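As the structure lists them, so they are numbered: ligands from 1, and atoms in each ligand from 1. Just so it is clear, the structure is predicted and the values come from calculations on it, not from any experiment.
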Amino acid sequence: MPAGSAALALLCPRVCAFPSSLGRNLFSLFDSPVSRPLRRLCFSSCPSSSSRQRVTAVCNFSSYSDGGAAVMDMENNGLENMAIDVNPPKGTRDFPPEEMRIRSWLFQNFREVSRLFAFEEVDFPVLESEALFIRKAGEEITEQLYSFEDKGGRRVALRPELTPSLARLIIQKGKAVSLPIKWFTIGQCWRYERMTRGRRREHYQWNMDVIGITEVTAEAELIFAIVTLFKQLGITSSDVGFKVSSRKVLQAAMQQCSISEHLFTKVCITIDKIGKMEMDEIEKDLASSGIPMESVKTLLHIVSLKTISELEEVLSDQNAIVELRQLFSLAEHYGYLQWIEFDASVVRGLAYYTGIVFEAFDRDGKLRAICGGGRYDRLLSTLGGEDLPACGFGFGDAVIVELLKEKGLLPALPLMVDDIVFAIDGALQQMAATVASTLRQKGQKVDLVLERKKLKWVFKHAERINASRLILIGESEWQQGMVRVKNLSTREESNVKLDDL
Ligand code: HAM
């Protein structure tokens, strides 16, 4: 790095995501609240040499108030002029401040609910070994994997979900963790999806999982956690409902129709497409596995049932029904019975579920599933560990935000600053830093004006950032150990002693 560049690199730590040979020489800053002069400083200080070409890229700083375009200037190791695509890759999102406030608010709600239920937070790497996600069941999720070979020749993948990582960690911990485990996590997942409303190629998921409990008390508690979140967000049981069933229903139905057990996962994946695919396509798909059409029809009749009593009449194996009845009885005692309904067609598209499964939907039917989960008692052994009873759910960030927008429930989340501190005279900038620091120690959120600006600009800026008070550092007040304080909502002004701020 040329002399003098180190200081700039410190000022501009976020080098953009260019190929490393390019990024190394890039002196620009994209997403931090950098002021225009600093940006200019970054650009004009780029070392240029006649032997090297310069690259100009136009970047839209739309999250800045001026919303203008900035020219990014950098050295180029042999590339022609190039305008980069300023959009993130298809299906992925940037989170400028206004979007980030929504995300943080949502995650805070996820965390609050998880802690109300005494769950502990965990995390895993976004990049995992590809083998963790390879299942031969023909699930969509496996086909949508973002996988590649790393520089060491290892097959790796961006996680499409969090459950396999959780299972991996449980296996790794072995007997070191005491059961039951109640863990939650919030993480980014990647799936090469066909994009629809609320479905994208990256999304964040909130997961809560219980390991070590065989009883349906665990599923009942997890569904209640989701209901608690909905209520916290202002969503009612007339907005959202849970469809609940058990994979054991399908298992029993298949047994009754003499369909081979080895077709179970394939049948689950096909049944999961009911509603997304035409019924005759579903029939054809099942028949193509060698299931006689008569059995296909019986099976589809059973999965079309919408009450447990109807199911009781047609199903000879009552095991699944007992569990479902227990779950509904618990829901009544928790007080969320009106949120859940039985629907035999809910089987879930992931291969590892073994028992109760559930999904939450908006009752207007406009959106895809808001969340989904279930029991997966045999996942650990498929990864080489010892099985433990387990259940959990995944709740995405995208569909819920769509629903909240739809219902007018997304709160206004403006940037909130308590004080803006401004030195009227440049010579008083150090005093302004002292005042800002004193206020911050008291817990005030303080925006210190870092550059020479006109008072008119400071007022406009204060309005834009929703500051409550303007603290002006002026020579005469400072001599008396005071600052000028203006309450920006009442417009009242007074001189206040530093200690009384
Ligand atoms: P899943 O149904 O595949 O389950 O995903 C759970 C939730 O993640 C969905 O209901 C949806 O809210 C969100 N989601 C999934 N894919 C996308 C996407 N492409 N774009 C936006 N949101 C999406 C699982 O992932 C299981 N591992 C959940 C689980 C945890 N089961 C037990 N524990």
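Counting the atoms of ligand 1 from 1 in the order shown, those under 4.0 Å from a heavy atom of Asn207 are 30 (C). The ligand atoms of ligand 1 that sit less than 4.0 angstrom from a heavy atom of Tyr376 are 32 (C), 33 (N). Contact atoms of ligand 1 toward Gly198: 20 (N), 21 (C), 22 (N) (distance under 4.0 Å to a heavy atom of the residue). Those atoms of ligand 1 that come under 4.0 Å of a heavy atom in Glu193, given as number and element, are 16 (N), 18 (C), 19 (N). Interface of Asp209 with ligand 1, defined as ligand atoms under 4.0 Å from a residue heavy atom, comprises 30 (C), 32 (C), 33 (N). Counting atoms of ligand 1 from 1 in the listed order, those under 4.0 Å from a heavy atom of Ala369 are 10 (O), 11 (C), 12 (O). Heavy-atom contacts of Gly372 reach the following atoms of ligand 1: 10 (O), 28 (C) (cutoff under 4.0 Å).
Atom CD in Glu202 sits 11.5 Å away from atom CD in Glu193 (nearest 0.5 Å).
Using cut-offs of 30° and 60° on the angle between ring planes, the pair Phe224 and Tyr336 is parallel. Between Phe395 and Phe393, the angle of the ring planes goes over 60°, which puts this pair in the perpendicular group of the 30/60° scheme. Ring geometry for Trp206 against Phe110 counts as parallel: the plane angle stays under 30°, on a 0 to 90° scale with 60° as the upper cut.
Protein heavy atom nearest atom 25 (O) of ligand 1, with residue, atom name and distance: Arg191 NH2, 3.0 Å. Looking from atom 11 (C) of ligand 1 to the surrounding protein, the closest heavy atom is Arg199 NH1, 3.7 Å. Looking from atom 12 (O) of ligand 1 to the surrounding protein, the closest heavy atom is Ile370 O, 2.7 Å. Atom 10 (O) of ligand 1 has its closest protein heavy atom at Cys371 CA, 3.2 Å. Distance from atom 28 (C) of ligand 1 to its nearest protein heavy atom, with residue and atom name: Gly394 N, 3.4 Å. If you check which protein heavy atom lies closest to atom 19 (N) of ligand 1, you get Arg200 O, 2.8 Å. Closest protein heavy atom to atom 24 (C) of ligand 1: Leu350 CD1, 3.5 Å.
A side-chain donor-acceptor contact under 3.5 Å links Ser381 and Asp387.
With atom 26 (C) of ligand 1 as the reference point, the heavy atom nearest to it among Phe361, Tyr204, Tyr352 is part of Tyr352. When Tyr353, Phe393, Trp190 are checked for heavy-atom proximity to atom 31 (N) of ligand 1, Tyr353 turns out nearest. Nearest-residue assignment for atom 5 (O) of ligand 1 (options Arg159, Glu202, Gln205; heavy-atom criterion): Gln205. Of the candidates Met208, His203, Glu140, the one placing a heavy atom closest to atom 17 (C) of ligand 1 is His203.
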- Query: Should Ile141 and Leu350 be marked as a side-chain contact (heavy atoms from CB on, under 4.5 Å) after you check the CA-CA gap, both sets of side-chain angles, and the distance that decides it?
  - Reply: CA-CA 8 Å; Ile141 200 168; Leu350 298 164; 3.6 Å; yes
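With Tyr353 as the aromatic partner, Arg247 does not meet the cation-pi criteria of under 6.0 angstrom to the ring centre and within 45 degrees of the ring axis.
Counting heavy atoms from C-beta on, the side chains of Pro180 and Ile213 come closer than 4.5 Å. Here the side chains of Trp105 and Pro411 are in contact, with some heavy-atom distance below 4.5 Å. By the 4.5 Å heavy-atom criterion applied to side chains, Met254 and Phe264 are counted as neighbours. In this structure, the side chains of Phe358 and Val346 stay at 4.5 Å or more apart for every pair of heavy atoms.
At a heavy-atom distance under 4.0 Å, no atom of Ile400 approaches ligand 1. By the criterion of a heavy-atom distance under 4.0 Å, the side chain of Arg348, and not its backbone, is placed next to ligand 1.
The six-membered or imidazole ring of Tyr376 lies near that of Tyr352, with a centre-to-centre distance under 6.0 Å.
When the options Arg135, Arg154, Arg155, Arg159 are evaluated for a salt bridge (charged side-chain N to carboxylate O under 4.0 Å, His left out) with Glu130, the one that passes is Arg155.
Considering backbone and side-chain atoms together, Gly396 places an N or O closer than 3.5 Å to an N or O of ligand 1.
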